[in-house]
Amino acid sequence: MRGVPTGRIRATYAASGRRALRVTLVAATGFYLFRYGLDRPVSATYALFAAVALGGLSKIPGTGRQRAAVAARLLPVCWAVVVAGTYLSVETWSAVVGMLLIGFALTFAAVGGPRLAGATPGLQLLYILPSFPPYDPASLGDRLLGTTTGLLLFIAAEALILPESAPPPYRERAAGAARTAARCATLLATPPYTLGDVDVRADRDAAGALRLMAVPEAERPAGPGVRERALTHTGLATRTLLSRLAQLPALPGDDPGPEVAAVLHAVARLSVATEACLGQGPSPVAAYEELAAARARLAALSGDTVSAAAPATPPVSAAVPATPPASAADPVDAPVPVFPPTVLRRHAAVLEIADAALAMGTAADLAVHGRRVAAQESPGRFWYATERAPALWWHRVRGHAERRSVFFQNAVRIALALAAARFVAGVDTLPHGFWATLATLTLTRTTVDETWGTIRKALTGTLAGALVTAGVLDLVATDNAVYAAVLPVWMLFAFTVGPVKGVGWAQGMFTVLVALVFAQLAPPTWHLAEVRMLDVLVGSAIGAVFGLLAWPRGAHDELRNAEAELLRRAAEVVVATSASVAEGATVAAPPGVHGHRSLQHAVILAESAYAQFLSEPVPFGATGGRAGVPAVDSQATLIAGHHTLWGSQRLLEPPLAGLVPAAAESVDRLGDRVCGRMLLVSAALDPGGDTPAASVARIAPSLTACAEEPPGAPRLYYATASWLNSLLTDLTRIAHGEPGHDETADETATGPRAPATGSEAH
C-alpha cells in the first residue's frame, strides 16, 4: 500500500467492510439457524457456503441491489449445480467427468458479460461442495434447503443492508455525449464555423466517458442481448460522431454553404432527439428523417449518387422512403456544380458525420425500445435487431468456441485442473479433498508467472493460518460455545481484510475460518490444520501444473496473434472495398462478403484478449513494460479494425457510382498501399512470423497520406481516400511511444476504442 493515499485505503476498507458485514450476517444466521436451532448440520453447511460462494468468492460487480438481482436470476442455476454434484458423486469417474464438463461450462459462461463472469467462482464452489463423498442422495433435500435459505438471505441483505449509490448508467453517459455532439454540430454550422479549445476538450471528455474500460464493470453493456449490443453500438457511433466533428476540416473565412449547414443542424437535432430517447423518451424518427434527407441533398450536390439514393443507416422506428423526395430547392434536372477539392473533402467529411449520427440514432432507438420498434435496420450493422435471445447467445458462444479465444482457453485450463484435483482426491481418498479442489479453483491464474506468485503467497498464508488453527484447536478442544462466539467476529475480520491485503492474508484467515466452522460439525483435533495445509498444497500443485501446460503466457501471445489476424482480415477488406468502389459495384456487400464477417470475428477476439491482457500483471523481472511484448499500441490496432469495418460498410451502400479512370486507378493504388502496410505490421506482430517485432516501430512512422487528387473526381473518391488515409493514421499510431503520443487524443482523432467484451461483432 506504499504510496497509496490514506483516503483511498480507508475507502477500500470501507467498501470491503460493507460487503463483509452482509456476508457475515447471512452466513452466521443461516449456519446457526440450522446447526443449533433445527439440528440440521447438512443444511447449516450449505447455507453458510451459499453465502460465502456468492458473497465472498464471487466478484459480482455493481451495487448491492445489482448483485442481489444477479443472485436472484442465478437461483435456478445454483439448484441445478447442487443436484448435479450430488448425483455425480456416486463414483470417482462420474464426479471427474462432471467436474470437467460443468467446470468448463460455468467458466465459459463468462462470455455473457462481467456480472456472469464475476458469479462464476461462486457457482463453481456450489458445484464442488456436493461433488465429494459421502454419496448421499437422501440428503439432497437438506442441501437444497440450506442453499436456498442462504441465497435468499444473501439477496435480502445485499438489497437492504447498507445500500450503495449506483454510478451513472451507460445510457446516461451516452446521452451526455449526444448532448455534447449537438453543441459541437451547432457551433460548426454557425459563424465562425469552428470549435474552440474548450469545445474540443469537452468533445474529448465526452468521448472518453464512453470508453468501456473507463466504465464500472456493472454498467458496461457487454451482454449478448439486443439492448446490450445496441447500447454498445450507441457508444461506438457516438464516439465516432464526436471524433468526426472535432476533425472537420475548416474552410478559412468561408461560409460552408447552406447544404452543409443544413446537415450539421440536422445532426444537432438528431443528437438532441437521441439524448431524449436515451432518457426513455420517444424514438428519434422525425429528426432521423430530416438528417437522411439533408444528407441525400448534400451527396447529390457533391456529384455522388451513392448516398443520395440510400442513407447509410435506415431508421428503426418507422419506414422511410429509400430515396428522399426531391424538394423545389434542388430539382433533379439541375446541373451538378463543380467544386474545388477542398470543398469536396469537406463535403465528404460532413457526410461521414451524418453517417455516424444516423447510426447513433438507430442504435439508441434499439437500445431503449428493443424489438418493439418496427426495425428497418441495415443488415450489416444492425443484424442483431431481429434475432431472438437464444440465437444471440448461440452467436456469442460460437464466436468464442475456438482455440484462439481467451474465454475458451480459461475454461479449458480451469476445467482440466478441477477434474485433475477431483481425480486425485477420489483415487487417493484425500481427507477433505473438497479443499484441494477449491484451492485449485482459487489459486489458478491465466499466466504461469501469476499462478506461481499467487501460490507462494497462498502457501505462506495457509501455513501461518494452520499454525494459528492448531493452537486454537488444541487450546479450545471441543467447547463449541467458544467456536460459535468467535466465528462471526473472525468471519467479519477475514472478509474485510482479506480482499484488501491480498491472497496470502485471505488464505491464512480462511484456514482459521474453515476450522471454526468444521469444529462445530464434528469433534476437532489439531490434525484439521494439517489436513488443510495438505489440501492447499495439493490443489496448488495441480493449479501450477495446468497453468504451465495450458497457455502459460495467458493473453500475451494471444493478443499478438489476435492483432496480427485482425490486420490480415482488415487488409482483405481494404483491398476488396477499394476494388468495389473503383469498379462501381451495384450491389452492397451483405455480412460475410468481402471479409466483413471474418473481420468482425477477429475484432471480438482481439478485444477479449486485450481486456484479459490488461488484467494480468507484468511478468516477474520485466522492466520498461511487459517482457517480450513489442512496443505497440494495442488500442490503436483495435481502432483500425473498427474503422476498416465501418468505413467499408458505409462506402459499399448501394448503388455505387463508377469513378472516372484516373480516380479509379488512384483508389486502387491507395487501397493496395494500405493493404500492404497492414500486412507488414501484421507480420511484425505475429509471434510465429519471421519479421522482427521491433520493425513495427520502423514500419508505422514511414506512412504518409495520399495527396493525389485526380481532376474531376466525385465526392465518392474523396470519401474513399479519406477513409484509407485515416487507416494509414491508425497504423501510424500502432507504434507505441511515438513523439506526442497521447491515448486520449488518439481516441478523439481516430474514433471509438473497442470494448472489453461484447461488441457488435458478437
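Please read all numbers here as calculations on a predicted model, not as lab measurements.
With a 4.5 Å cut-off on side-chain heavy atoms, Leu74 and Leu116 count as touching. Taking 4.5 Å as the limit, every side-chain heavy atom of Phe34 sits out of range of all side-chain heavy atoms of Leu48. With contacts defined as side-chain heavy-atom distances shorter than 4.5 Å, the pair Leu366/Arg227 does not qualify. Counting heavy atoms from C-beta on, the side chains of Leu210 and Tyr170 come closer than 4.5 Å. The shortest distance between side-chain heavy atoms of Asp535 and Thr437 does not fall below 4.5 Å. Taking the side chain as every heavy atom from C-beta outward, Tyr87 and Pro137 approach each other to under 4.5 Å.
Closest of all the heavy-atom pairs between Ala364 and Thr274 is CB-CG2, 3.5 Å. Contact between Phe132 and Ala425 at its shortest, heavy atoms only, is CE2-CB, 3.6 Å. In terms of heavy-atom proximity, Gln124 sits nearest to Leu441 at CB-CD2, 3.6 Å. Of all heavy-atom pairs between Ala411 and Thr107, the closest is CA-CG2, 3.6 Å. Closest non-hydrogen pair, Leu638 versus Ala606, comes out as CD2-CB, 3.4 Å. The heavy-atom pair separating Pro167 from Thr63 by the smallest distance is CD-CG2, 4.4 Å.
Defined by atom type and a distance below 3.5 Å, a donor-acceptor pair is present between the side-chain atoms of Gln66 and Glu219. Donor-acceptor pairing under 3.5 Å is recorded for the side chains of His601 and Glu402. For the residue pair Glu91 and Tyr135, no side-chain donor N or O sits within less than 3.5 Å of a side-chain acceptor on the partner. There is no side-chain donor-acceptor pair under 3.5 Å between Ser131 and Arg422. Side-chain contact of Thr147 with Trp79: a donor-acceptor pair under 3.5 Å is absent, judged by distance alone.
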Legend entry - Residues Arg18, Tyr13; criterion side chain to side chain contact (heavy atoms under 4.5 Å, CB included); working and verdict: CA-CA 9 Å; Arg18 286 192 296 268; Tyr13 275 109; over 6 Å; no

Inset, instruction - Begin from the C-alpha positions of Leu57 and Phe49 and carry the test side chain to side chain contact (heavy atoms under 4.5 Å, CB included) through to its verdict. - result: CA-CA 10 Å; Leu57 186 58; Phe49 279 104; over 6 Å; no

Inset, instruction - Evaluate the side chain to side chain contact (heavy atoms under 4.5 Å, CB included) criterion for residues Thr444 and Phe546: first the C-alpha distance (whole Å), next the side-chain angles of each, then the deciding distance (0.1 Å), finally the verdict. - result: CA-CA 8 Å; Thr444 303; Phe546 282 93; 5.8 Å; no

Inset, instruction - For Val503 and Leu443, run side chain to side chain contact (heavy atoms under 4.5 Å, CB included): C-alpha distance rounded to whole Å, both residues' side-chain angles, the deciding distance at 0.1 Å, then the answer. - result: CA-CA 9 Å; Val503 67; Leu443 301 182; 3.9 Å; yes

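Trp435 and Phe518 have perpendicular rings, their planes meeting at more than 60° on a 0 to 90° scale where under 30° would count as parallel. Ring geometry, Phe104 versus Phe108: the interplanar angle falls under 30°, so the pair is classed parallel (tilted spans 30 to 60°).
Within 6.0 Å of atom CZ in Arg40, 12 or fewer heavy atoms from other residues, nucleotides or ligands are found, so the atom counts as exposed in its surroundings.
Rounded to the nearest 0.5 Å, atoms CG (Leu605) and CD (Gln600) are 12.0 Å apart. Between the OG1 atom in Thr120 and the CZ atom in Arg115 there is a gap of 14.5 Å [rounded to 0.5 Å]. Once rounded to the nearest 0.5 Å, the distance linking CG of Leu54 with CG of Leu123 reads 6.0 Å. With values rounded to the nearest 0.5 angstrom, Leu516 atom CG is found 8.0 Å from Trp490 atom CH2. Between the CD atom in Gln409 and the CD1 atom in Ile414 there is a gap of 12.5 Å [rounded to 0.5 Å]. Rounding to the nearest 0.5 angstrom, the gap separating the CG atom in Leu145 from the OG atom in Ser139 is 12.0 Å.
Using a distance-only test at 3.5 Å, with no hydrogens or angles considered, no donor-acceptor pair links the side chain of Tyr46 to the main chain of Gly150. Distance alone, capped at 3.5 Å, is enough to place a donor-acceptor pair between the Thr232 side chain and the Pro221 backbone. Counting only distance, with no hydrogens or angles, the side chain of Thr440 and the backbone of Gly539 share a donor-acceptor pair below 3.5 Å. Listed for the Thr148 side chain is a donor-acceptor partner under 3.5 Å among the backbone atoms of Leu144. Between the side chain of Arg67 and the backbone N or O of Gly62, at least one donor-acceptor pair lies under 3.5 Å. The closest donor-acceptor contact from the side chain of Ser58 to the backbone of Gly55 lies at 3.5 Å or more, if one exists at all. Side-chain atoms of Ser94 come within 3.5 Å of backbone atoms of Leu88 as a donor-acceptor pair (strictly under, hydrogens ignored). Remark: side-chain polar atoms of Arg22 are paired, donor with acceptor, to backbone N or O of Leu162 under 3.5 angstrom. In this structure a side-chain-to-backbone donor-acceptor pair under 3.5 Å is present from Arg35 to Gln520. In terms of modelled atom types and a separation under 3.5 Å, the side chain of Arg143 and the main chain of Val82 share no donor-acceptor contact.
Applying the side-chain hydrogen bond (donor to acceptor under 3.5 Å, both in side chains) test between Tyr384 and each of His233, His395, Arg229 identifies His233 as the sole match.
Outside the 6.0 Å centre-distance limit, the rings of His400 and Phe408 are not counted as a close aromatic pair.
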